[in-house]
Amino acid sequence: MHALDNVIWNALTTRQAGFAESHAEARRFVPEVTSLAGFHAPTDAGYASLKGLLAERGTLALFLTDPYQAHAGWELAASASLWQMVCENGRGLSPSAVDSEFEILELTAADSPEMIELTSLTKPGPFGKRTHELGTYLGIRSHGKLVAMAGERLKVPGFTEVSAVCTHPEHTGHGYARVLMMEVMRRIHERGETPFLHVREDNARAIALYERIGFRRRVVAQLAVLRKIGS
């Protein structure tokens with residue numbers, strides 16, 4: 001199996017095991033970090049194991065190979081098809097390649113409230129008050145306000161995910177997302193790792209940007225946000 005197959009489970013059983021809560025055949029990130037969860041396999045036992053991680057009406061987000069099929073004790077709250085994209089070619093990611101007139105800032109725990117505010121507005125994916133602990137997050141400020149950010153989320157052996165790429169709608173058109181992504185990718189490549197990301201299959205504009213900076217489409221994953229029903 002490729003390291004990027006069943007990527008959430010692989011992250012929670014390898015490089016990010018320290019963020020995991022476990023029950024039988026399932027694991028989830030601690031809730032303050034993100035709602036992402038995974039299991040060894042999408043079997044009845046796998047879904048039963050997930051139930052042990054939640055109180056009633058709690059939700060989890062999974063990446064599946066195939067569209068979600070109904071299982072007892074769960075209701076589908078949201079779903080989307082996502083391209084998983086990989087950038088295996090690190091050429092062109094030297095420091096000079098990402099030089100810009102923008103000051104790129106490394107974000108810290110002190111910036112978490114603004115990061116949550118920005119991601120709540122732009123909705124790049126689940127982002128909690130401790131998501132920033134998963135890796136490096138970079139941002140750009142305008143008149144003191146955080147207006148764009150990008151960072152690292154899932155990590156498996158040899159690969160790190162570029163995530164939370166977002167720009168405040170009043171500050172688009174300046175190339176902030178591209179500059180931040182390029183710097184995050186440069187740092188990942190500098191560690192000898194390969195960047196990857198997930199993007200909605202219908203987001204043609206973002207996919208075109210990612211392909212221009214070196215990503216290629218690998219597989220389609222199915223995002224399923226599940227809500228536990230019953231005990």
Side-chain angles (χ1 to χ4, degrees), residues 2-4 7-8 10-11 14-16 18-19 33-34 36 82-112 114-115 118-119 122 124-127 130-142 145-168 171-200 203-219 221:
H2 193 284
L4 295 181
V7 66
I8 300 174
N10 287 342
T14 58
R15 294 177 64 191
Q16 294 176 312
F19 290 102
V33 172
T34 180
L36 295 180
L82 309 174
W83 272 111
Q84 184 185 83
M85 303 182 72
V86 181
C87 181
E88 295 177 326
N89 185 352
R91 291 180 300 176
L93 290 176
S94 64
S96 61
V98 294
D99 282 347
S100 74
E101 74 257 39
F102 314 124
E103 181 183 6
I104 296 176
L105 304 171
E106 193 159 323
L107 303 175
T108 69
D111 301 298
S112 182
E114 285 187 277
M115 298 166 78
L118 183 58
T119 54
T122 57
F127 198 94
R130 290 182 55 200
T131 303
H132 65 275
E133 296 178 18
L134 295 175
T136 299
Y137 280 83
L138 305 177
I140 292 173
R141 292 184 175 277
S142 176
K145 180 179 180 179
L146 183 67
V147 297
M149 60 179 276
E152 301 171 353
R153 186 174 61 176
L154 296 174
K155 296 182 178 182
V156 296
F159 297 85
T160 291
E161 183 188 27
V162 181
S163 185
V165 180
C166 55
T167 303
H168 192 287
H171 295 268
T172 58
H174 300 290
Y176 294 159
R178 182 180 185 278
V179 167
L180 290 170
M181 283 192 69
M182 294 283 283
E183 178 60 16
V184 172
M185 292 164 61
R186 185 188 68 78
R187 296 185 185 200
I188 293 170
H189 273 294
E190 202 170 60
R191 299 197 302 262
E193 302 170 11
T194 299
F196 72 103
L197 56 78
H198 294 92
V199 58
R200 287 182 64 105
N203 192 342
R205 182 176 179 180
I207 291 170
L209 167 63
Y210 302 154
E211 289 179 331
R212 285 197 299 272
I213 61 178
F215 283 91
R216 63 169 180 82
R217 306 181 203 197
R218 180 177 177 268
V219 295

Student check: side-chain heavy atoms of [X] and [Y] closer than 4.5 Å:
X	Y	answer
Ile8	Leu154	yes
Val147	His174	no
Val165	Leu197	no
Arg212	Arg178	no
Thr131	Met115	no

Hey, what do you get for [atom1] ([X]) to [atom2] ([Y]), rounding to the nearest 0.5 Å?
X	Y	atom1	atom2	result
Phe215	Glu88	CZ	CD	11.0 Å
Leu105	Leu138	CG	CG	8.5 Å
Ile140	Glu103	CD1	CD	9.5 Å
Leu134	His132	CG	NE2	9.0 Å

| query | Which pairs count as salt bridge (charged side-chain N to carboxylate O under 4.0 Å, His left out) when at least one residue sits in residues 147-168, sequence neighbours excluded? | reply |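 Sorted pair list: Glu152-Lys155, Glu152-Arg191, Arg153-Glu161.
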
Here the salt bridge (charged side-chain N to carboxylate O under 4.0 Å, His left out) pairs for residues 133-142, sequence neighbours left out, are Asp111-Arg141, Glu114-Arg141, Arg130-Glu133

Look at the side chain of Arg216 and the backbone N and O of Val86, then say whether any donor-acceptor pair between them is shorter than 3.5 Å.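 Checking the backbone N and O of Val86 against the side chain of Arg216, no donor-acceptor pair under 3.5 Å is found.
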
Could you work out, with ring-ring contact (aromatic ring centres under 6.0 Å, His included) as the rule, every residue matching [X], not counting sequence neighbours?
X	answer
Tyr137	Phe127
Phe159	His2
Phe196	His198

For [X], side chain to side chain contact (heavy atoms under 4.5 Å, CB included) partners two or more places apart:
X	value
Ala221	none
Thr122	Leu118, Pro124, Cys166, Pro169
Arg217	Trp83, Met85, Ile207, Glu211
Thr167	Ala148, His171, Thr172, Tyr176, Ala177

Only residue of Ile213, Val184, Val162 satisfying side-chain contact (heavy atoms from CB on, under 4.5 Å) with Pro195 is Val162

> Would you call Arg186-Glu183 a salt bridge at under 4.0 Å N-O?
Replying inline: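 Yes, Arg186 and Glu183 are salt-bridged.
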
- List in chain and number order the residues that pass side chain to side chain donor-acceptor pair (under 3.5 Å) with Gln16, two or more places apart in sequence or in another chain; answer none if no residue qualifies.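 With neighbours one apart ignored, the set is empty.
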
